[in-house]
Asker: 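Sharing a structure below in structure tokens format, with a few things to ask.
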Amino acid sequence: MKKYNFNAGPSILPKETVENTIKAIENFAGTGLGLMEVSHRSKEFQAVVDETVALFKELLNIPEGYSVLFLGGGASLEFCMVPYNLLEKKAAYLNTGTWANKAQKEAKLFGEVVEVASSKEANYTYIPKNYAIPADVDYFHITTNNTIFGTEIHTDINSPVTLVADMSSDIFSRPVDVSKYGLIYGGAQKNLAPAGVTFVIVKEDILGKVSRPIPTMLDYRTHIKDGSMFNTPPVLPIYAAMQTLKWLKALGGVEEMYKRNKEKAGLLYDEIDRNKLFKGTTAIEDRSLMNICFVMNEEYQSLEAEFYQFATSRGMVGIKGHRSVGGFRASTYNALPKEDVVALIKTMQEFEKTH
Ligand SMILES: *Cc1c(COP(=O)(O)O)cnc(C)c1O
């Protein structure tokens with residue numbers, strides 16, 4: 001049976017990424033050796049890193065003065081690396097969910113943290129809007145897409161201080177004005193590659209300003225200087241990321257992705273709003289284009305397990321909501337075809353007919 005992969009992460013990748021990575025695992029760049037069995041310092045792999053950096057710069061229109069890094073440790077290590085490298089006295093954080101909270105927690109180990117706003121009291125169902133960013137902080141940290149709660153900051157905000165963003169689950173889903181950010185980071189396993197590589201886009205001139213000593217591996221300047229080759233980088237996920245970006249470029253880049261993502265999410269949200277059995281969980285203007293959360297309407301609450309089983313029997317995978325929200329979550333990342341969203345909608349409609 002065909003499976004429809006709505007997993008939140010690790011999640012669906014373009015089939016080109018998977019197929020081309022399999023080929024490289026067997027015979028990498030005509031070397032007669034497998035991708036997992038060659039030196040990361042070989043000229044063939046250096047070419048992969050160079051091309052992946054070039055694709056990041058081209059597709060996101062990254063200005064001069066920024067470096068693109070491929071590191072280990074996941075977005076979770078960035079929660080600590082960001083304050084390690086940038087927080088001298090005080091930083092500001094916007095609290096929009098579980099990941100934003102975790103980021104903030106690490107920063108508190110390094111200095112004072114100002115929480116400028118939070119939607120915690122409403123179980124993170126919206127993005128706070130009218131907050132003031134203090135002028136005396138070293139940086140302001142946001143999470144652009146809240147993977148668990150299904151909310152998203154849809155535009156690049158103007159910040160009077162260095163803006164730092166966790167874009168783990170919406171990088172390459174829409175055009176981004178990188179010049180508005182000092183640092184963007186994320187784990188690759190949502191919208192880009194298999195787990196194992198973390199991307200960092202950093203404006204070089206924001207570094208070197210804190211007085212504390214920084215361990216070599218945790219200092220962004222180490223990885224800038226050595227082109228992500230200070231130690232052995234995650235070779236296979238970087239190769240897969242390159243394949244995903246080639247696929248994305250051939251389809252028309254982030255503008256085209258944004259168009260497709262709006263269309264896919266629009267179809268599913270329309271069905272959630274129309275179908276008598278379901279309702280959305282977040283403020284409409286903050287609805288994520290990547291993670292679409294919904295629950296049963298009050299009077300149909302008892303049907304939750306039954307719908308889950310019904311959808312599973314139709315090949316839907318990964319639609320269980322995170323335990324902190326309940327209900328359902330369909331992740332509609334770049335690689336998920338529109339037909340798969342349509343199949344989920346049909347499943348919801350069929351289930352509605354029988355109740
Ligand atoms: C998944 C996720 C993380 C955690 O990423 P890891 O690579 O597992 O550390 C952090 N932030 C956001 C927004 C996420 O979706």
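Not measured: the values here are computed from a predicted model. In what follows, residues are counted from 1 in the order of the sequence shown. For ligands, and for the atoms within them, numbers begin at 1 and follow the listed sequence.
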Asker: Would you mind reporting whether Leu183 and Thr162 have side-chain heavy atoms less than 4.5 Å apart?
Answerer: no
Asker: Can you name the closest pair of heavy atoms from Ser118 and Tyr124 and give their distance?
Answerer: OG-CE2, 4.3 Å
Asker: Between Gln243 and Glu16, is there a side-chain donor-acceptor contact under 3.5 Å, judged purely by atom types and distance?
Answerer: no
Asker: Which pairs pass ring-ring contact (aromatic ring centres under 6.0 Å, His included) with one or both residues in residues 181-234, sequence neighbours excluded?
Answerer: Phe56-Phe199, His141-Tyr185
Asker: List for me each residue that meets side chain to side chain donor-acceptor pair (under 3.5 Å) alongside Thr198, sequence neighbours excluded, and say none if there are none.
Answerer: none
Asker: Which atom pairs, donor and acceptor, lie under 3.5 Å between side-chain atoms of residues 312-319 and protein residues at least two apart or in another chain?
Answerer:
| unit_1 | atom_1 | unit_2 | atom_2 | d |
| --- | --- | --- | --- | --- |
| Thr312 | OG1 | Tyr308 | O | 2.7 |
| Ser313 | OG | Phe310 | O | 2.6 |
| Arg314 | NE | Glu350 | OE1 | 3.2 |
| Arg314 | NH2 | Glu350 | OE1 | 3.0 |

Asker: Identify all N/O pairs between ligand 1 and the protein with a separation under 3.5 Å and present them as a table of atom names and distances.
Answerer:
| unit_1 | atom_1 | unit_2 | atom_2 | d |
| --- | --- | --- | --- | --- |
| ligand 1 | 7 (O) | Ala75 | N | 3.1 |
| ligand 1 | 7 (O) | Gln189 | NE2 | 3.0 |
| ligand 1 | 8 (O) | Gln189 | NE2 | 3.3 |
| ligand 1 | 9 (O) | Ala75 | N | 3.2 |
| ligand 1 | 9 (O) | Ser76 | N | 2.9 |
| ligand 1 | 9 (O) | Ser76 | OG | 2.6 |
| ligand 1 | 11 (N) | Asp166 | OD2 | 2.6 |
| ligand 1 | 15 (O) | Thr147 | OG1 | 2.4 |
| ligand 1 | 15 (O) | Lys190 | NZ | 2.6 |

